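All figures in this text were calculated on a predicted structure; none of them were measured in a lab. Quick note on labels: first sequence line is chain A, next is B, and so on, each numbered from 1.
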Number of protein chains: 2
Amino acid sequence: MSLRHALLALLTVEPMTGYDLSKAFQASVSHVWHAPDSQIYPELRRMEADGLLVGTEVPWGPRGKKREYHVTEAGLDAFRAWMNEPLSYTRERDPAHLKAAYLEWAEPDAARAQLRAHIANFDEQRVEWLEKVREIDTGTSAMLEKRLGHAPASEHASIRAYKRYTYVGLIARAEHEIEWAERGLVLIDELNGTDAAPPAD
Amino acid sequence: MSLRHALLALLTVEPMTGYDLSKAFQASVSHVWHAPDSQIYPELRRMEADGLLVGTEVPWGPRGKKREYHVTEAGLDAFRAWMNEPLSYTRERDPAHLKAAYLEWAEPDAARAQLRAHIANFDEQRVEWLEKVREIDTGTSAMLEKRLGHAPASEHASIRAYKRYTYVGLIARAEHEIEWAERGLVLIDELNGTDAAPPAD
DNA sequence: CGGACCATGTAAGCGGTTACATGATTCT
DNA sequence: AGAATCATGTAACCGCTTACATGGTCCG
């Protein structure tokens with residue numbers, strides 16, 4: 001049910017079409033939340049049916065049209081309610097750590113490749129999030145600046161701070177995952193005796 | 001598709017029933033992977049149909065019976081193949097960080113409660129994993145000791161080391177999440193001016 | 001005899017993935 | 001004219017959750 005709230009979060013900035021939201025997901029929430037078109041369009045229809053959004057047909061070119069959604073009062077209430085209610089933490093399901101626990105079954109090279117992929121994955125995320133923080137700090141995030149434009153000045157500090165806080169936390173987590181995988185690479189070498197003889201010194 | 005491989009991982013130790021596996025999930029893989037009975041039993045049937053397992057009916061009491069599964073060669077091959085192939089990293093979907101990014105929408109107290117729940121959740125996990133590491137170190141993990149009993153002595157170090165490595169990594173991650181949430185609590189206080197006046201000293 | 005535990009599922013539904021399908025617009 | 005992009009979905013399937021259902025065993 002978080003897709004619904006992620007969509008609400010984005011639509012609190014300004015009315016958007018399904019296509020806009022799809023792009024916004026990639027540009028602004030990517031790596032915190034992902035959703036394909038095939039999920040976004042039907043969900044928007046459902047949200048409209050539930051009264052959280054109102055969709056209006058907007059002409060686009062001579063024959064084309066698009067549907068722009070804006071949040072209703074009920075939608076804002078639903079979003080605030082979600083923000084105020086505690087999250088239910090679901091059980092861990094972590095394939096990378098599951099595999100790590102049984103790494104003795106893998107070929108050493110496959111085990112190394114696994115951990116290198118882990119590093120590559122989180123390094124990529126890290127770079128993206130560093131860029132997000134830079135955008136927050138330099139005022140070059142289109143979505144954030146629009147959001148600030150519609151919010152009272154008294155809230156600007158909070159809005160900016162919470163976004164920054166989120167991304168900085170994700171960067172730290174990515175760095176932790178990278179360090180963990182790097183320790184794993186060392187461990188694989190140790191267990192497979194790549195070092196000729198441990199120096200007794 | 002990881003449930004299947006988690007089940008294979010556990011069944012490489014010794015033959016077990018669905019009920020045993022359900023318990024083993026709670027005791028040994030809990031918080032790395034969770035699966036309810038309603039998922040385990042049908043999956044075991046499917047795995048048997050796919051030739052990865054063989055199930056044998058074992059009498060249990062005067063009229064009762066249970067089905068004990070053991071891994072076939074094909075099952076071992078499938079498990080090794082999974083261990084040797086790289087994981088595909090799926091997109092992030094992280095409700096806690098999604099909410100954190102929009103914390104200005106929550107009441108300060110709700111925001112605090114949210115972060116405290118985050119701390120409680122990861123603190124609980126941390127305690128469980130610390131206990132797992134202790135069991136590994138003291139040789140009091142039933143599953144691990146059984147596993148070592150069936151493995152050549154030359155592999156004991158690796159088996160133990162990878163399990164330890166996994167849990168230590170998870171502990172570090174939990175601690176990171178706790179630290180992040182604690183920074184968040186400080187941030188909420190700062191933004192809501194709980195401190196009467198910042199000491200200029 | 002009752003309560004804790006052992007044992008094995010079915011069924012409905014949900015959120016998400018993957019693949020497919022269609023057509024208009026804008027720019028070069 | 002063709003390519004990139006804008007725009008909106010449908011359909012099949014999959015893994016997982018939640019709720020429900022049933023019956024046997026073991027021990028005090």
Exercise. Remember a base hit wins even if backbone is also touched, and classify A:Ile40 as base, sugar-phosphate or nothing at under 4.0 Å, heavy atoms.
Key: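 Touches nothing.
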Quiz prompt | Test: B:Arg80 cationic atom under 6.0 Å from A:Trp105 six-membered ring centre, within 45° of axis | solution = no
Quiz prompt | Residue A:Glu107 excluded, over 12 heavy atoms near CD under 6.0 Å | solution =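 No.
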When the distance from [atom1] of [X] to [atom2] of [N] is rounded to whole Å, what number comes out?
{"X": "B:Met47", "N": "D:dG15", "atom1": "CE", "atom2": "C1'", "result": "15 Å"}
{"X": "A:His5", "N": "C:dG16", "atom1": "NE2", "atom2": "P", "result": "12 Å"}
{"X": "B:Lys65", "N": "D:dT25", "atom1": "NZ", "atom2": "P", "result": "12 Å"}
{"X": "A:Tyr69", "N": "D:dG9", "atom1": "OH", "atom2": "C1'", "result": "10 Å"}
{"X": "B:Arg93", "N": "D:dC16", "atom1": "CZ", "atom2": "C1'", "result": "14 Å"}
{"X": "B:Glu57", "N": "C:dA7", "atom1": "CD", "atom2": "P", "result": "13 Å"}
{"X": "B:Leu44", "N": "C:dT10", "atom1": "CG", "atom2": "P", "result": "12 Å"}
{"X": "B:Arg46", "N": "C:dT8", "atom1": "CZ", "atom2": "C1'", "result": "14 Å"}

Practice problem: Tell me which of B:Thr90 and B:Asp20 sits closer to the 5' end of DNA chain C, going by the nucleotide each one is nearest to. | Solution: B:Asp20
Quiz item: Given that B:Ser38 and A:Pro36 both sit by DNA chain C, which one's nearest nucleotide is further toward the 5' end?
Solution: B:Ser38
Self-check item: A:Tyr89 side chain to B:His118 side chain, donor-acceptor N/O pair below 3.5 angstrom
Solution: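 Their side chains do contain a donor-acceptor pair, which is all the 3.5 Å distance test asks for.
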Self-check item: Interatomic spacing from CG in A:Asp137 to CZ in A:Arg134 - rounded to 0.5 Å
Solution: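 Separation between the atoms: 9.0 Å.
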Under 4.0 Å from OP1 or OP2 of [N]: is there any side-chain N or O of [X] that close?
{"X": "A:Arg63", "N": "C:dT25", "value": "yes"}
{"X": "B:Arg4", "N": "D:dC16", "value": "no"}
{"X": "B:Tyr41", "N": "C:dG9", "value": "no"}
{"X": "A:Arg67", "N": "D:dT8", "value": "no"}
{"X": "B:Gln39", "N": "D:dT17", "value": "yes"}
{"X": "A:Trp60", "N": "D:dA7", "value": "yes"}

Quiz prompt | Candidate nucleotides D:dT8, C:dA7, D:dT25, ranked by approach to the side chain of B:Pro62 - the nearest | solution =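 When the side chain of B:Pro62 is considered, D:dT25 is the closest of D:dT8, C:dA7, D:dT25.
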Quiz item: Within the side chain of A:Thr166, is there an N or O that forms a donor-acceptor pair under 3.5 Å with the backbone of A:Tyr162?
Solution: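 A pair under 3.5 Å: yes.
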